[in-house]
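Reviewing the structure listed below.
Please read these numbers as outputs of a predicted model, since none were measured by experiment.
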Amino acid sequence: MKRAIVILIALAVLVSSVFVACKNSGNTETTAPAEGGLESADNEYGIQYADVTDANGEKVTDKNGEVLTTEINVRYELDENGKTIAVVIDENGEPVTDKNGNPVTVKPDIELSTKKNKTTQKEETTKPTKPTKSTTATTNGKEATTEKELTTLPYTKDKVPTIADAEKNSKGTVEFSSKDQQTIKNMLEVPYLYKANYENAKGVPINIAAHAALWMARREGFSTNSYASGTIVLDLFKYFGQTVVNFKTKVNNDSDNDNLVYNAASDSFTISQFESKKQDIQIQKIEFIGNNNYYLVTAKVTGAGDISKVKAIVQKNQLDATLGFSIKALKWSK
């Protein structure tokens, strides 16, 4: 009990020390123009792990002597010297600042190249938490191993399978809880998501990203039509499990709807209205693909014109606490 209290206190200290000077942007405010204008639209977002420390700055360990870690949201940027930095951000995508008003940074797990739109990745240096099993999926009555964290593998080893590869390398059908099945169903029922296919390696099409952004923004429950850009792009990162490259620079021209508009002057998004449900999804089977919590979902589709089925790669993760999954690839067909 004492150890549990110490850990809870340590976690509280960590959160308070990191977020002590974090400014609450509020639901109705927009951010100031982003430094560097639209050049900053290509920033990468991610989750890293930080060591838990106590009030004295000492690392907190478990009963086995291993240092406890916690997840933090970060935005990768290039500083004035062209060096990659990882800025700690809050749930709205806004930078966390210290008592002097300076952005809090941590050692980055990836390196951004100075060449625009190009990102190179290096071996993960931050120690991840130990993988833990989840009872989300079972195979033939036995639990399938599903680690809860996103970065359970180094970047160089974490390869998102294509749908074709997933079909070839299925490790068998699994049973998801009714709650998780409903979550995946809801994510695949994002209005007009059926308008584009995509594979992870080729990036997320802007048009379906815009529909996903509207759906995710609606879940925020804000009583406003103006959203800080960080809120929108971070929500997109959570939904797709990757940065939607150039979303801010392209959404006004490459999206097939006018409900979501990016305002460069205030670095914010305006949402005129949300979208009503269109397609209905009926999940037929879910197959475990392995590697880093990847699954192949096969489902029937109605209400999407002549499209009658979809195959999707989903990843089990904790990017969004209420979703627990990201959509990594889509293939819609007749």
Are side-chain heavy atoms of [X] and [Y] found at a separation under 4.5 Å?
X: Lys316; Y: Asp180; value: yes
X: Ser268; Y: Ser226; value: yes
X: Ile184; Y: Tyr295; value: no
X: Met187; Y: Trp215; value: yes
X: Pro108; Y: Tyr76; value: yes

[Y] and [X] side chains, donor-acceptor separation under 3.5 Å:
X: Asn207; Y: Tyr192; answer: no
X: Lys285; Y: Thr298; answer: no
X: Asp165; Y: Thr162; answer: yes
X: Asn259; Y: His211; answer: no

Using a 3.5 Å distance criterion without hydrogens, assess whether the side chain of [X] forms a donor-acceptor pair with backbone atoms of [Y].
X: Asn186; Y: Gln182; answer: yes
X: Ser170; Y: Ala166; answer: no
X: Asn252; Y: Tyr262; answer: yes
X: Thr249; Y: Asn246; answer: yes
X: Asp98; Y: Gly101; answer: yes
X: Asn263; Y: Asp267; answer: no
X: Gln279; Y: Gly303; answer: no
X: Gln282; Y: Lys300; answer: no
X: Asp306; Y: Lys334; answer: no
X: Asn317; Y: Leu319; answer: yes

TODO: Answer yes or no: does atom NZ of Lys309 have more than 12 heavy-atom neighbours from other residues, nucleotides or ligands under 6.0 Å?
DONE: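 12 or below, so no.
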- [ ] Give a yes or no on whether Asp258 atom CG has more than 12 heavy-atom contacts from other residues, nucleotides or ligands under 6.0 Å away.
- [x]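 Counting neighbours around CG of Asp258, 12 or fewer heavy atoms of other residues, nucleotides or ligands fall under 6.0 Å, so no.
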Where [X] and [Y] come nearest, the two heavy atoms and their spacing:
X: Ala329; Y: Glu199; answer: CB-OE1, 3.6 Å
X: Thr97; Y: Val104; answer: C-CG2, 3.8 Å
X: Tyr194; Y: Ala304; answer: CD2-CB, 3.5 Å

Taking [X] first and then [Y], would you say they form a salt bridge - that is, a charged N and a carboxylate O separated by under 4.0 Å?
X: Arg219; Y: Asp320; value: yes
X: Glu189; Y: Lys278; value: no
X: Lys171; Y: Glu287; value: no

Open item on the list: Whether Lys328 engages the ring of Phe240 as a cation-pi pair (distance to the six-membered ring centre under 6.0 angstrom, angle to the ring normal within 45°) should be assessed.
Closed with: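 Cation-pi check for Lys328 and Phe240: fails.
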